[in-house]
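Working notes, beginning with the structure itself.
In this chain, residues are counted from 1 in sequence order.
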Amino acid sequence: MTLEWRYAQDGIDWEELADLYRVAPLGNKNSSGLKTVFTASMFKCFVYDEGRLIGAGRVLADGMDCAYLCDVAVHPSHQGTGVGKAIVATLVDLSKDHKKIILYAVPGKEPFYRKLGFKRMTTAMAIFANPAQALATGLVSED
């Protein structure tokens with residue numbers, strides 16, 4: 001498997017990226033929304049196998065203090081092959097000059113991120129646009 005890594009969004013097929021997020025599965029994210037959030041992200045990577053997008057991720061960052069790793073997606077055909085680990089490692093390396101790198105994981109994926117050096121934050125809190133859904137999926141708790 002020879003992978004091609006891209007770190008700029010020039011030439012990205014946003015519909016292909018939306019399909020990747022759907023099948024990964026990371027939810028239904030529309031192509032225009034993905035273009036908006038990737039454009040606003042300081043770091044990004046896209047991984048291709050034989051011309052097909054099989055992985056992506058991004059980091060929102062302020063350039064010094066805080067970097068937020070988000071939206072790491074790997075096509076099911078490549079899950080378990082190390083692609084996700086490589087995307088995270090690449091984004092962490094790109095963010096290394098920040099004082100902290102944070103993320104929130106899909107419930108159940110915490111062990112994956114622990115292996116990559118992430119620790120649980122005891123004081124993290126969030127406000128979600130759909131609080132009932134965030135509660136139902138285990139992203140937040142009432143306590």
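- Applying the ring-ring contact (aromatic ring centres under 6.0 Å, His included) definition to pairs two or more places apart or across chains, those involving residues 63-106 are Tyr104-Phe128.
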(request) Verify side chain to side chain contact (heavy atoms under 4.5 Å, CB included) between Met121 and Ile102, making sure each step is shown before the conclusion. (result) CA-CA 9 Å; Met121 292 178 60; Ile102 62 172; 3.8 Å; yes
(message) Evaluate Val47 against Glu4 for side chain to side chain contact (heavy atoms under 4.5 Å, CB included), listing each step before the verdict.
(response) CA-CA 6 Å; Val47 186; Glu4 176 191 353; over 6 Å; no
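- Between Ile101 atom CD1 and Leu94 atom CG the span is 9.5 Å, to the nearest 0.5 Å.
- Between Ile87 and Val74, the closest side-chain pair of non-hydrogen atoms falls below 4.5 Å.
- Side chains of Thr90 and Trp5 form a contact here, defined as non-hydrogen atoms less than 4.5 Å apart.
- Proximity of Arg114 to Arg120: side-chain heavy atoms (C-beta onward) are separated by under 4.5 Å at one or more points.
- With values rounded to the nearest 0.5 angstrom, Arg22 atom CZ is found 12.0 Å from Leu26 atom CG.
- For the atom pair CG of Leu53 and CD of Glu16, the computed distance is 4.5 Å after rounding to the nearest 0.5 Å.
- Proximity of the aromatic rings of Phe46 and Tyr7 is defined here by a centroid distance below 6.0 angstrom, and this criterion is not met.
- Here the shortest heavy-atom pairing between Leu69 and Val92 reads CD1-CG2, 4.0 Å.
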(request) Using the side chain to side chain contact (heavy atoms under 4.5 Å, CB included) rule, take Leu17 and Ser31 through it: C-alpha gap first, then chi angles, then the decisive distance, then the call. (result) CA-CA 7 Å; Leu17 185 61; Ser31 57; over 6 Å; no
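- Under the 4.5 Å side-chain heavy-atom criterion for Ile, Leu, Val, Met, Phe, Trp and Tyr, Val140 and Leu103 are members of distinct hydrophobic clusters.
- Two residues are said to be in side-chain contact when any heavy atoms from C-beta on lie closer than 4.5 Å; Lys44 and Gln9 meet this criterion.
- Cation-pi contact between Arg58 and Phe43: absent, since separation from the ring centre below 6.0 Å together with deviation from the ring axis within 45° is not met.
- Residues Val59 and Ser95 meet the side-chain proximity criterion, which asks for heavy atoms closer than 4.5 Å.
- Leu3 places a side-chain heavy atom less than 4.5 Å from the side chain of Val83.
- Inter-residue side-chain proximity for Tyr48 and Arg52 is flagged as unmet; no heavy-atom pair is nearer than 4.5 Å.
- For Lys29, the NZ atom is densely surrounded, since the number of other residues' heavy atoms within 6.0 Å is greater than 12.
- Summarising the local packing, CG of Asn28 is surrounded by 12 or fewer heavy atoms from other residues, nucleotides or ligands at distances under 6.0 Å.
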(request) Carefully, step by step, assess Tyr113 and Val72 under the rule side chain to side chain contact (heavy atoms under 4.5 Å, CB included). (result) CA-CA 11 Å; Tyr113 291 105; Val72 175; 4.2 Å; yes
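- Hydrophobic clustering (ILVMFWY, side-chain heavy atoms < 4.5 Å, transitive): Val88 and Leu60 are in distinct clusters.
- Hydrophobic clustering (side-chain heavy atoms under 4.5 Å, transitive across Ile, Leu, Val, Met, Phe, Trp, Tyr) groups Ile12 together with Val37.
- Considering all non-hydrogen atoms of both residues, Asp71 and Tyr21 come closest at O-OH, 2.5 Å.
- Under a hydrophobic-cluster definition in which Ile, Leu, Val, Met, Phe, Trp and Tyr are linked whenever side-chain heavy atoms come within less than 4.5 Å, directly or via other members, Leu91 and Leu116 are assigned to the same cluster.
- Judged by distance alone, with hydrogens and angles left aside, the side-chain atoms of Glu110 form no donor-acceptor pair with the main-chain N or O of Lys119 at under 3.5 Å.
- The shortest side-chain heavy-atom distance between Trp14 and Phe38 falls under the 4.5 Å cut-off.
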